[in-house]
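Structure first, then comments.
Bear in mind the structure is a predicted one, so any value in this text is a computation, not a measurement.
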Amino acid sequence: MFDERFYSHAEIEPKWQARWEEERARPAPGPGRVPGEGREKYYVLEMFSYPSGKLHMGHVRNYTIGDTMARHLRMRGKEVLYPVGFDALGLPAENAAIQAARARGEAVNPAEFTEACIADMSAGLKRMGYSYDWDRLTATCRPEYYRWNQWIFLRMLERGLAYRKSAAVNWCPDCNTVLANEQVHDGKCWRHTETGVELRQLAQWFFRITDYAEELLAELPRLTGWPEHVRIMQENWIGRSEGTLVNFPIEGSESAMPIFTTRPDTLYGVTFMSLAPEHPLARDLVEGTEYEKPVVDFINRVATQDRFMRTAEDQEKEGAFTGRYAINPLSRERAPIYVANFVLMEYGTGAIMAVPAHDQRDFEFARKHGVPIKAVIRPDEETAPISDEQRAKVVEWIETGCPADGEGMKGAFIEPGVQVNSGPFDGLPSTEGIVRIAEHVEKNGWGARTVEYKLRDWLVSRQRYWGTPIPVIYCEDCGAAPVPERDLPVVLPKDVDFSKDCNPLLTNPQWLAAPCPKCGRPGRRETDTMDTFVDSSWYFLRYLDPHNESAPFDKSLADAWMPVDQYIGGVEHACMHLLYARFFTKVLRDLGLVQIDEPFQRLFTQEMVCKEHTFKDGATRVVKMSKSLGNTVEPTETVDKYGADALRLFILFAAPADKQLDWSDEGPEGCSRFLNRLWRFAQSNAETLRQGIADLDGQTFDPGDNPADRDLDRKTHDTIRRVTADLGERFHFNTAIAAIMELFNALNTYALRSQDPVSRSCAASATRVLALLLAPMAPHICEEIWERLAPATGSVFGQPWPTHEPKRLILDEITVVVQINGKVRARLTVPASASEEEIQAAALENANVQAHIAGKAVRKTVYVQKKLLNIVAV
RNA sequence: GCCGAAGUGGCGGAAUGGCAGACGCAGAGGACUCAAAAUCCUCCGGGGUAACACCCGUGUGGGUUCGAAUCCCACCUUCGGCACCA
């Protein structure tokens, strides 16, 4: 046995981990269970992680928050579902296989490699004492899981929600695969921040997320349990714009040029038109004319430019004239048609009307190419939020006929104002002009009001091995045929060659060859696999029914457990995983598999773990812990040294959970000191405390008239109040721990000393509460203390969460602050029953108060009940 | 450029209209010890004082209020997201 005076985490933590594994720390019915009768269900979910084999501090932070919530909620009587799993498909395992194959000629199978990592990670999680429902463990790389990816894909294919098309797509040369728009950050691959993505024209599979754009946007305001900034990020990403589609006839042609504009109020100001270089009309319009060569040259030049550079806002506006003209249907004016680098093919119609007077890009282009500028909105005092000086300048510019040199005009006038040069609409406020001119366009059949989104369909094809095979077979006669449901799963072949410079699936001819499901003749399997974000879009549903072999999950279980009550993870997924999972939930709802509209009731985004790092240039900054910088701290080392409880405590204590956490090597030591003090206190007073608990006999302690008991008891109840609010409502774990430390300091300082008057029942009551409050955060030590304090009552996690009694918070004496003109001049200790008049009288007797109001007249006093008296004296 | 978050002691942070700096880290002094570690006690924003008093102080400047770290306006800095989206 170990020395009882010192807390030995190395002995106590494994002891409890083993016992939890046996007992599951709570009654855990089988995986298919539904919430218990009379108990409210609560689904706590953490964003699952990629099994790299090692836990890092980011995981520890994420999961410590989740485990604390789960343990706390169980003690509050909730039926908590707290599953765990791994996002196990993806590049790192495949890259490890490729490296092994190329460097050593070794065949490493990503499946075995990944399963070994999962085992290591699971051991690491258990060492942290997390109370997962281990029997629900789900790994997306197992065919039992990904067959349902395939099944859902087929359902989506039936409904036209999955489709294949040829498109200009983002290609990451480092990943050797295409990426979704959401996975391109700043023109770089989200995994390879040094690697610019390239544009390639390829036939790829897409999910029609744009069909759900409106709903994904409309539901956002109802997600009140989500952080505001995440909702705003999604709103911006979806990027809804209301506008008008207008057809501009092309002179000398049957066809028209449709454009999208949010500013129909500026339609009379159109002086030219622009097409995206990729627009098919661009080549058609110049074919066989003298303009063909310069325009095609321009298109080719733009095509070879780096796409991200080309679409940067500060990029020079360039273009080429096609020699053709469009007719403005409203003004009947001719507008020259250009091809311009700043027009994007992917947005709107790939063509724009250009109003240089009121659009900055058009303005710059017009200046450069000598196109006229025609103003149709005049600034006016009420509507244009600009200074008088600016307004005067714009008005002067308009009145002098918008000279191209602008006479100091650096830009277009983009604010609202009053319509001018706009035919019958002159004099209208432009905000009204938007509506009236759009109506005018619709009435005349020139176009229609419409809505555009920035959101694009989700590109799910990946040209990689370690993903879910897309269940499609190509046939020369039948085209792309879905694999019949009875043939699922399409299992990844193990026999592939990772040393070749292509998708490894192409190296297994037996696997590739498959009969066409429609005609039976020889066909060829699709070798694209699915984006791993498909896996993470519904894993929280599989957790509910992880061993189901006939369906992705049972609907009754989804109805019982969904939505996830509390989701916890990193904010970096705001416009990737969190958007895709919302989309999938709506698709599954429309397939009749779930009832809910939204998967995640509440979302908590924890911030990064950072550490100081000295860069090559000598600069020292606090930055995210990362392997590449080498400023990581291994959780296992900290656990070895101080124990899991100390690490858990520090990571919760060091910063609010939704703020960046700066790692400090001394931090866990400080927390370990606190736990040791607590341990020593409980050990050296073990017998007294045990008797005190026995005296209480399960009843709440009543302090009677003993002032010291009343004091400590009040502190105890106040701590219950604070910790309960911090854990349950605010998620301020740092202040919860601070409150517990305060209670302990009071207990440790005053209780159980020979000269001390605190009774043993009172001390026992405080200790009991302390162990209960601390248990969700530091479960091992609290279990051990509890077992020694109250061995007859079972696990600390079997106890109900303590409740505070408001009447125990009432003070006999209160301290009232006396201010004079808002500055604190005295503190009065008065009976809690003292009236305002009594307090005021006492204040005026105070020497310092008298000194400060001497020679002044008391104008008035402000009294805040039992807190403060402010005397206003002049 | 647009959107969002943040700015408080040597450090992490607390206080969301009412005592600025809870709790912890680091530091200083002391006790115990042959000594060290561990532990315990005291101090710990700046100026000022023998000690009080008092003055200054929550990025900067204004405002609202009896009273502002907290609310409003303008600005500065840092971080995050978006970025030629018509």
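Taking 4.0 angstrom as the limit, Arg361(A) places none of its side-chain polar atoms (N or O) nearer than this to OP1 or OP2 of A83(B). A sub-4.0 Å separation between OP1 or OP2 of C85(B) and a side-chain N or O of Thr262(A) is absent.
Distance noted for atom C1' between G12(B) and C76(B): 25 Å (whole Å). Spacing of P atoms, G59(B) relative to G13(B), comes out at 14 Å, to the nearest Å. One C1' atom belongs to G27(B), the other to A20(B), and the distance between them is 22 Å to the nearest Å. If you take atom C1' in A28(B) and the same atom in G18(B), they sit 35 Å apart, rounded to whole Å. U64(B) and A74(B) have their C1' atoms separated by 15 Å, given to the nearest Å. Atom name C1', nucleotides G29(B) and C44(B): the rounded distance is 11 Å, in whole Å.
Under 3.5 Å, the side chains of Gln183(A) and Arg191(A) contain no donor-acceptor pair of N or O atoms. A donor-acceptor contact under 3.5 angstrom links the side chains of Trp237(A) and Glu182(A), judged on distance only.
Across all strands shown, A74(B) is found opposite U60(B) as a Watson-Crick or G-U wobble partner, with both distances under 3.5 Å. Checking G67(B) for Watson-Crick or G-U wobble geometry (two distances, each under 3.5 Å) identifies no partner in any strand. With a cut-off of 3.5 Å on both pairing distances, the Watson-Crick or G-U wobble partner of C2(B) is G81(B). The partner of U49(B) is absent, by the rule that a Watson-Crick or G-U pair needs both atom distances under 3.5 Å. In this entry A28(B) has U42(B) as its Watson-Crick or G-U wobble partner, both defining distances falling under 3.5 Å.
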For this session: Any chance you could lay out the salt bridge (charged side-chain N to carboxylate O under 4.0 Å, His left out) test for Arg301(A) and Glu318(A), step after step, and finish with the verdict?
Result: CA-CA 11 Å; Arg301(A) 187 160 61 81; Glu318(A) 291 182 279; 3.5 Å; yes
For this session: Just do the side-chain hydrogen bond (donor to acceptor under 3.5 Å, both in side chains) check on Ser430(A) and Arg263(A) with the steps written out, would you?
Result: CA-CA 9 Å; Ser430(A) 64; Arg263(A) 292 291 303 272; 5.1 Å; no
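Comparing Val184(A) and Tyr453(A) along RNA chain B, the residue whose closest nucleotide (by nearest heavy atom) sits nearer the 5' end is Val184(A). Heavy-atom nearest nucleotides on RNA chain B were determined for Arg825(A) and for Arg673(A), and the one closer to the 5' end corresponds to Arg673(A).
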For this session: For each nucleotide in nucleotides 18-23 of chain B, reading 5' to 3', give B when a protein heavy atom comes within less than 4.0 Å of its base, S when such contact involves only the sugar-phosphate, and - otherwise.
Result: BBS-BB
Exercise. What one-letter contact string describes nucleotides 44-49 of chain B from 5' to 3', where B marks a base within less than 4.0 Å of any protein heavy atom, S marks contact via sugar-phosphate atoms alone, and - marks no contact?
Worked result: ------
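Between the P atom of C3(B) and the CD1 atom of Ile238(A) lies a distance of 19 Å, rounded to the nearest Å. Rounded to a whole Å, the CG atom of Asn181(A) is 13 Å from the C1' atom of C82(B). Taking atom CZ of residue Arg730(A) and atom P of nucleotide U16(B), one finds them 7 Å apart after rounding to whole Å. One atom, CE of Met608(A), and another, P of G80(B), lie 7 Å apart when rounded to the nearest Å. Rounded to a whole Å, the CD atom of Glu612(A) is 14 Å from the C1' atom of A26(B). Between the P atom of G24(B) and the CD1 atom of Ile740(A) lies a distance of 13 Å, rounded to the nearest Å. Remark: C1' of G13(B) and CG of Asp658(A) are 13 Å apart, rounded to the nearest angstrom. Atoms CG (Asp662(A)) and P (G7(B)) sit 14 Å apart, rounded to a whole Å.
Within 4.0 Å of Asn848(A), counting heavy atoms only, lie sugar-phosphate atoms of the nucleic acid but no base atom. Residue Arg677(A) is classed as a sugar-phosphate contact, given heavy-atom separations below 4.0 Å to backbone atoms only. Across all strands, Ser664(A) comes closer than 4.0 Å to no nucleic acid atom at all (heavy-atom distances). Residue Gly670(A) is in sugar-phosphate contact alone, with no base atom involved, counting any heavy-atom pair closer than 4.0 Å across all strands shown. Nucleic acid contact class of Gln660(A) (heavy atoms, under 4.0 Å, all strands): sugar-phosphate only. Using a 4.0 Å heavy-atom criterion, one finds that Val355(A) contacts no nucleic acid atom at all.
Among residue pairs with one or both ends in residues 269-279 of chain A, those qualifying as salt bridge (Lys or Arg N to Asp or Glu O under 4.0 Å) are Glu278(A)-Arg310(A); sequence neighbours excluded.
Across C54(B), A6(B), C85(B), the shortest atom-to-atom separation from the side chain of Lys659(A) is found for A6(B). Taking the side chain of His852(A) as heavy atoms from C-beta on, and the options U39(B), G4(B), C54(B), the nearest nucleotide is C54(B). With distances taken from any side-chain atom of Asn341(A) to the nucleotides C82(B), U39(B), C84(B), the minimum falls on C84(B).
Using a 4.0 Å cut-off between charged nitrogen and carboxylate oxygen, Arg240(A) and Glu452(A) do not count as a salt-bridge pair. Comment: Glu364(A) does not engage Arg367(A) in a salt bridge, judged by the lack of any side-chain N to carboxylate O separation of less than 4.0 angstrom. Glu316(A) and Lys368(A) are joined by a salt bridge, as a carboxylate oxygen and a charged side-chain nitrogen come within less than 4.0 angstrom of each other. Comment: Arg714(A) engages Asp711(A) in a salt bridge, judged by a side-chain N to carboxylate O separation of less than 4.0 angstrom.
A glycosidic torsion no more than 90° from 0 defines the syn conformation; G27(B) lies beyond that range and is anti.
Contact check for Ile871(A) versus Gln819(A): no side-chain heavy atoms found under the 4.5 Å cut-off.
Using cut-offs of 30° and 60° for the angle between ring planes, the His9(A) and Tyr7(A) rings count as tilted.
For the side chain to side chain contact (heavy atoms under 4.5 Å, CB included) test with Leu774(A), the passing option among Val723(A), Leu743(A), Val769(A), Leu675(A) is Leu675(A); the others fail.
For Lys317(A) against C84(B), a side-chain N or O and a base N or O form a donor-acceptor pair under 3.5 Å.
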